[in-house]
Amino acid sequence: LANIAAMTRQHRRFGFSYDWAREVSTCEPEYYRWNQWFFLKMYERGLAYRKHAQVNWCPQCNTVLANEQVVDGCCWRHEQTPVEQHALEQWFLKITDYADQLLADISQLEGGWPDRVLTMQRNWIGRSEGARVDFHLAGSGDPITVFTTRIDTIYGATCILLAPKHPLTAKLTTGRPDLAAAVQRMIESLEGRAPGDLEKEGLRLDAFALNPFNPIWPPDGRGDAVEIDNVNPFSDEQIPIWVANFVLMEYGAGAIMAVPAHDDRDHEFCTKYGITIRTVIVPAGDTAPLPAGGAFTDDGVLVHSGPYTGLAGDEARRQMTAYGSERGFAESSVTYRIRDWGVSRQRYWGTPIPIIYCSKCGAVPVPEDQLPVLLPLDVEITGMGGSPLQKVPGFQHVPCPRCGGDARRETDTMDTFVDSSWYFYRYCDPRNDRLPFDPQTIAYWFPIDQYIGGVEHAILHLIYSRFFTKVMRDLGLVQNHEPVKRLFTQGMVIKDGAKMSKSLGNVVDPDQIVEKYGADTVRLFCLFAAPPEKDLDWTESGVEGMSRFLHRVHRFVSKEHPAGDGSADRRVLRKLHQVIRKVTEDFESRWHFNTSLAAVMELVNELYQSEADLSPAALSGVVPTLVLLLAPFAPYLSEELWEQIGRQGPVLRVPWPEYDPALAADEEVEVVLQVNGKLRSKLVAPKDTAPTELERLARTDPKIQQHLDGKTVHKVIVVTDKLVNFVIRS
RNA sequence: GCCCGGGUGGUGGAAUGGCAGACACAAAGGACUUAAAAUCCUUUGAGCCGCAAGGCUCGUGCGGGUUCAAGUCCCGCCCCGGGCACCA
């Protein structure tokens with residue numbers, strides 16, 4: 001309800017028609033039904049699952065948020081409210097299964113989507129190529145898997161760092177209550193933590209790991225590095241195992257090898273705890289000195305790395321990964337930064353998640369013929385503590401669909417980004433009651449040729465809907481791999497540094513402005529102030545300027561004109577056709593309507609200037625076209641003027657004027673005369689004058705003669721209809 | 001730190017490698033008016049020479065380069081905006 005209300009409010013303000021959206025409101029029961037249908041299809045395929053996890057929590061919304069909805073550590077709806085980390089049982093959609101496709105298919109979007117959106121998505125997906133390497137627990141020999149993108153630095157690994165929640169952390173602290181308690185404190189300190197810098201904390205466990213590449217290291221973990229070449233190559237190196245608060249369980253393997261000499265974070269950690277730093281990479285070209293006091297993180301040449309010493313980084317990575325694979329302790333691996341999409345919300349609005357929990361049968365999907373699960377109406381919304389649906393017993397207490405026993409309905413609702421991920425498909429077939437939409441119909445319409453939206457959805461809506469499209473494709477519902485061929489990201493309205501948005505309120509009150517100046521003026525100003533992909537600065541004086549312009553047009557069309565002798569007819573007609581061409585081209589290519597409007601203004605200026613010299617026939621030819629040219633920008637005024645000049649409306653149904661290239665062409669052109677690239681004079685010549693003739697004319701120009709006097713002309717450049725440039729030597 | 005955009009008058013912004021600043025806003029001066037509003041006209045990148053007509057020089061973040069010619073292309077920086085970030 002909140003969504004649809006906001007939408008209608010916005011669109012009514014600007015006079016847009018939004019019939020389709022009203023017909024396919026994502027808040028309607030039928031839409032809930034198909035959301036739930038999709039959810040269950042994904043549940044069947046393991047793409048929707050429930051897990052206990054550390055999740056983002058907005059204390060203002062009292063709900064969980066997806067990673068994508070956390071902006072600078074704060075809630076996307078409450079930009080001042082830091083998001084907290086809570087451990088909760090939540091529903092997720094497995095977008096990570098599609099990470100590789102979402103990344104790979106970005107290449108299909110290039111050219112059609114703005115680069116920065118594609119870059120943001122690439123960053124968000126965050127593909128890293130590297131290797132998983134098994135270290136081994138000293139004593140038991142159990143593998144400890146780490147993920148690294150720099151296996152070439154493995155001879156410099158001086159400890160293993162485990163995430164606090166790594167299973168091995170628990171295992172290695174059993175029987176050691178002191179360590180277990182310390183780990184517990186570490187976990188708690190990470191929960192509810194405000195974003196920002198984290199002081200690196202570590203906890204040394206009473207265990208060692210063996211580096212599968214067998215470099216030598218004193219088992220007590222202290223002292224200087226031993227010269228690799230001088231020791232027994234068969235003895236295992238033992239490196240200490242630590243728990244570190246900055247190692248993420250959710251990324252890679254939940255454990256890392258720390259290489260302090262070649263990673264900034266590891267360097268900081270190992271310096272703090274006095275763990276030895278061993279250089280195993282030096283800059284290629286051997287002369288560059290190693291940076292003092294920090295890690296050398298660039299690629300280089302390996303040293304102290306056994307048989308790999310002397311290899312370049314990329315070659316070493318290849319060989320070492322191959323060796324590890326052969327011996328079964330390593331494999332090349334790709335890791336993504338993107339996490340599964342947390343879709344559980346503890347809000348009233350949103351589609352109820354169609355799952356019922358039975359003490360005997362577990363989580364049971366609501367059978368398809370019982371969809372949609374609708375929101376109860378007798379609900380009290382307090383905005384406090386947990387989902388309002390949990391306080392509606394009639395909603396929550398239901399029989400199990402499988403065994404009929406007492407069961408509990410899921411009270412979380414879906415993130416409304418689920419709705420918006422596929423609404424545009426439903427637009428094509430809004431009344432279908434058999435399927436979300438008919439695949440045949442979709443095959444005809446999709447993909448969307450042109451989509452328009454704000455860049456703030458680059459890694460929200462625009463990545464979710466790509467994901468949904470791929471899921472729907474795998475369900476056999478659509479054939480397209482991508483939902484949108486071309487994306488246009490429009491800028492925002494800014495006033496005194498503050499942006500105008502649906503969730504943050506209006507910096508400028510459109511109702512007031514429309515009241516004062518009319519919708520045409522407001523629209524015109526928005527179009528004229530900047531090209532549409534840029535943010536536009538709202539200025540009242542700019543709005544007044546547009547109002548003045550519209551009045552100027554209105555006055556010209558309305559007033560009585562003197563019958564001129566027609567001496568200006570040709571000039572005005574040429575201008576008219578040039579303007580038609582300009583506006584048409586702007587519409588067809590780059591949508592820079594600010595320049596279209598500038599052209600229309602030029603035409604109006606020209607009309608005022610030539611008014612006295614225009615024949616009545618020319619005038620009555622130009623005016624209707626002017627009105628048509630203005631119609632897309634100022635539809636209300638244009639409609640009014642169209643009627644005033646005795647034409648039949650509606651003006652927006654009248655075909656767009658066509659320009660005559662011959663009429664638009666200048667008969668005479670101004671040719672710039674340059675000497676050594678500097679503007680010295682100009683001449684007017686008939687269009688398409690031959691280069692030789694242009695040069696001859698240029699040489700007769702007194703100023704040019706003056707500049708050429710006594711000089712040798714080295715070369716003459718002639719660009720037809722543009723310029724003549726004399727290159728001289730003094 | 002990495003990855004994308006940008007940087008042009010007092011302001012918003014124009015310029016397929018070919019007259020930098022279109023079109024507007026603002027400002028100043030003037031006309032009309034008893035006055036105001038509205039409207040119209042003129043000036044408006046900087047500097048210099050000239051009584052004037054006019055002329056000259058500089059100028060698109062900085063430094064180089066390519067070219068007859070660079071806001072535009074290439075190389076190296078600086079600054080601003082945005083995205084990602086203990087992601088190993």
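Proteins get letters first, then strands, A, B, ... in listed order; numbering begins at 1 in each.
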Under 30°, 30 to 60°, or over 60°: which ring-plane class applies to [X] and [Y], parallel, tilted or perpendicular?
X: A:Phe633; Y: A:Phe587; value: tilted
X: A:Phe556; Y: A:His561; value: tilted
X: A:Trp242; Y: A:Phe269; value: perpendicular

Between [N] and [M], how far apart are the two [atom1] atoms, rounded to whole Å?
N: B:C77; M: B:A53; atom1: P; result: 50 Å
N: B:A22; M: B:G12; atom1: P; result: 15 Å
N: B:C80; M: B:C23; atom1: C1'; result: 26 Å
N: B:U72; M: B:G7; atom1: C1'; result: 14 Å
N: B:C78; M: B:G61; atom1: C1'; result: 7 Å
N: B:C58; M: B:G64; atom1: P; result: 15 Å
N: B:U66; M: B:C75; atom1: P; result: 15 Å
N: B:C3; M: B:G76; atom1: P; result: 13 Å

Contact class for [X] (heavy atom, under 4.0 Å): base, sugar-phosphate, or nothing?
X: A:His707; result: sugar-phosphate
X: A:Glu268; result: nothing
X: A:Lys534; result: sugar-phosphate
X: A:Pro531; result: sugar-phosphate
X: A:Gly126; result: nothing
X: A:Thr539; result: nothing
X: A:Arg555; result: sugar-phosphate
X: A:Lys703; result: sugar-phosphate
X: A:Val600; result: nothing
X: A:Met546; result: sugar-phosphate
X: A:Glu250; result: nothing
X: A:Lys715; result: sugar-phosphate
X: A:Ile459; result: sugar-phosphate

Side chain of [X] - closest among [options]:
X: A:Val247; options: B:A88, B:C23, B:G83; answer: B:A88
X: A:Asn725; options: B:G18, B:A14, B:A88; answer: B:G18
X: A:Arg337; options: B:A24, B:A14, B:C84; answer: B:C84
X: A:Asp537; options: B:G12, B:A14, B:G18; answer: B:G12
X: A:Thr119; options: B:C4, B:A88, B:C25; answer: B:C4
X: A:Asp115; options: B:C68, B:C19, B:C4; answer: B:C4
X: A:Phe528; options: B:A15, B:G83, B:A24; answer: B:A24
X: A:Asn594; options: B:A88, B:A14, B:G83; answer: B:A14
X: A:Arg680; options: B:U57, B:C25, B:C84; answer: B:U57
X: A:Lys678; options: B:A24, B:C58, B:C4; answer: B:C58

Is the ring centre of A:Phe417 less than 6.0 Å from the ring centre of A:Trp341?
no
For the pair made of [atom1] in [X] and [atom2] in [N], what is the distance, rounded to whole Å?
X: A:Leu603; N: B:A24; atom1: CG; atom2: C1'; value: 16 Å
X: A:Met601; N: B:C25; atom1: CE; atom2: P; value: 8 Å
X: A:Glu602; N: B:G13; atom1: CD; atom2: P; value: 19 Å
X: A:Leu679; N: B:G55; atom1: CG; atom2: C1'; value: 13 Å
X: A:His592; N: B:A15; atom1: NE2; atom2: P; value: 8 Å
X: A:Asp152; N: B:A88; atom1: CG; atom2: P; value: 14 Å
X: A:Asp266; N: B:A85; atom1: CG; atom2: P; value: 19 Å
X: A:Ile717; N: B:A70; atom1: CD1; atom2: P; value: 12 Å

Ignoring backbone atoms, establish whether [X] has a side-chain N or O less than 4.0 Å from OP1 or OP2 of [N].
X: A:Ser128; N: B:A88; answer: yes
X: A:Arg548; N: B:C25; answer: yes
X: A:Arg552; N: B:C40; answer: yes
X: A:Arg116; N: B:C84; answer: no

[X]: salt bridge (Lys or Arg N to Asp or Glu O under 4.0 Å) partners, not counting sequence neighbours:
X: A:Asp264; answer: none
X: A:Glu588; answer: none
X: A:Glu693; answer: A:Arg696

Look at the side chain of A:Glu670 and the base of B:C19, then say whether one donor and one acceptor between them are separated by less than 3.5 Å.
yes
Chi-based syn or anti call at B:G59, which uses purine or pyrimidine torsion atoms and a 90° bound
anti
Sequence neighbours left out, what passes ring-ring contact (aromatic ring centres under 6.0 Å, His included) with A:His551? Give chain and number order.
none
Quick one, A:Gln490 and A:Phe488 - any side-chain contact, counting heavy atoms below 4.5 Å?
yes
For RNA chain B, whose closest nucleotide is more 5', that of A:Phe246 or that of A:Val117?
A:Val117
How about A:Tyr273 and A:Glu268: does a side-chain donor come under 3.5 Å of a side-chain acceptor?
no
Kindly express the pairing pattern of RNA chain B in dot-bracket notation, using | wherever a base pairs with another strand and counting only Watson-Crick or G-U pairs under 3.5 Å.
(((((((..(((.....[....))).(((((.......))))).(((((....)))))..(((((..]....))))))))))))....
Does NZ or CZ of A:Arg337 lie under 6.0 Å from the centre of the six-membered ring of A:Trp124, at an angle within 45° of the ring axis?
yes
By side chain to side chain donor-acceptor pair (under 3.5 Å), A:Arg127 pairs with (sequence neighbours left out) A:Glu129, A:Tyr336
